[in-house]
Protein chains: 2
Amino acid sequence: MLELIQDDGGVTVSSEQLARRGHTTAAQVRKDLSHFGSFGKRGLGYSVDELRDRLRIILGLDRVWRVILVGAGRIGSALFEYPDFKKRGYDCVAVVDSDPAKIGEKWGERVIRPAEELESLIKELHAALVILAVPASAAQLVAERSVNAGVRGILNFAPVQIQVPEDIPVENVNLVMELEALSFQITRALTP
Amino acid sequence: MLELIQDDGGVTVSSEQLARRGHTTAAQVRKDLSHFGSFGKRGLGYSVDELRDRLRIILGLDRVWRVILVGAGRIGSALFEYPDFKKRGYDCVAVVDSDPAKIGEKWGERVIRPAEELESLIKELHAALVILAVPASAAQLVAERSVNAGVRGILNFAPVQIQVPEDIPVENVNLVMELEALSFQITRALTP
DNA sequence: ACTTTCTTGTGAATCTTTTCACAAGCGGCT
DNA sequence: AGCCGCTTGTGAAAAGATTCACAAGAAAGT
């Protein structure tokens, strides 16, 4: 949001304006930000540039994160080509798949590597994150292997809840569950 | 989760077991379920079959939801091919794109339709949901057009917060933001 | 210099969610 | 029939999140 405001030439922004854009309240914006420090000027609001930079540091976006993509199927391919990816500081340093037919295939500058090399690739390329774009049945094993090889966080697209040590953050994206959340809300509105 | 337990031959399941699988607590499972009724048997737990069926009704999954996919790019294609999609009761009744080069292309049984037909397709095919797999710049307009044509819910993959009437549920999937959530958690653990 | 107009940062109040803890109920075993 | 081992459903307590509301500070105009 701050970058969009920058593009529009905005120099300062109030909690009220941020709240409207982000579908929340001004008090919420201020409380949340105050958690990390005091970034605004009374009477003026927040400097867009400064707030953006401070948030980038808080979110750990002031460095490049090396990512390994596991699974070169449809979802993997969509992610790999996603343009905002590299722009945002996420560098996909390797793509891995277990299908012999896919190994060796070229995706841009990367060649698809066999799944057995997962651990060595994580170590050699110093990957901090893995993206799991594999079937549900393979997700738990790949997650364990990744954690053992030193990965620090996991983005999981498989529709299962994977179990990892609690100091390893996991974010889940479950497309069917998102649709089900919509179905529920629509249904509930009809039958109160 | 209940379906996985069914596949494993489980007949009853306790709140404790569900909690372990779902990474939550037994009390939470019971409180949440009690919100919708009383489904368990004391001393025994929940009947897997019965609970599954009841939840399907609560979530509105006891019917087929017609979905229109807007945007036939990488993400759209990954979603369209996603196998669980149809299995789960979501029927993609049309695919729409604004790129003349793509219009007319065949995806399985569907032919990609021009974006101008969005409203008429929603009405004629009685689509309840749209999936927005379009660039950020197009998302707001497509959302408005969809709502005006009678859509009841939106799954938004564009990295913007779209503004629609508050009785229309919107679920957002923002891939970069998921990665940023991981970066934040890892960074925070390092600098407490 | 003073007044007006904004807007932050934050304690206090309110609202919501989660956890605790236990009576009540079910099935199996003796 | 009576007891024992489990597990639910749920009030009550605790924890957490959001909203309120206002003093304090900053700029701009007079």
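Chain naming here is simple, since letters A, B, ... match the order of the sequence lines and numbering starts at 1 in each.
Atom CZ of A:R30 and atom P of D:dA21 are 13 Å apart (whole Å). One atom, NZ of A:K31, and another, P of D:dG16, lie 16 Å apart when rounded to the nearest Å. When the C1' atom of D:dT10 is taken as reference, atom CZ of B:F36 falls 17 Å away, rounded to whole Å. Taking atom CZ on B:F39 and atom C1' on D:dT10, their separation rounds to 15 Å, with Å as the unit.
DNA chain D is contacted by both A:D32 and B:L33; B:L33 maps to the nucleotide lying nearer its 5′ end (nearest heavy atom per residue).
Separating the CG atom in B:L129 from the CD1 atom in B:I154 is a distance of 9.5 Å, to the nearest 0.5 Å.
Counting only N and O atoms by type, the side chains of B:Q185 and A:E171 include a donor and acceptor under 3.5 Å apart. B:E119 and B:N148 are not linked by any side-chain donor-acceptor pair at a separation below 3.5 angstrom, with hydrogens and angles left out of the test.
Residues from residues 9-28 of chain B placing a heavy atom under 4.0 Å of any atom in DNA chain C, listed by number, are B:T25, B:Q28.
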Protein proximity profile, nucleotides 23-30 of chain D - base contact B, sugar-phosphate-only contact S, no contact -, cut-off 4.0 Å on heavy atoms: BBBS----
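For B:K87 and B:D84, the salt-bridge test passes: some basic side-chain N is under 4.0 Å from an acidic carboxylate O. Between B:R88 and B:E3 there is a salt bridge, with a side-chain nitrogen of the basic residue lying less than 4.0 Å from a carboxylate oxygen of the acidic one.
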Could you give the side-chain donor-acceptor pairs of residues 33-46 of chain A under 3.5 Å, partners two or more places apart or in another chain?
unit_1, atom_1, unit_2, atom_2, d
A:S34, OG, A:K31, O, 2.8

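Between B:Y46 and C:dC26 there is no side-chain N or O to OP1 or OP2 distance below 4.0 Å.
Just one residue in the list B:Q28, B:R20, B:R30 forms a side-chain hydrogen bond (donor to acceptor under 3.5 Å, both in side chains) with B:S15, and that residue is B:R30.
Judged purely by atom type and a 3.5 angstrom limit, A:Q17 uses its side chain to pair as donor or acceptor with the backbone of A:S14.
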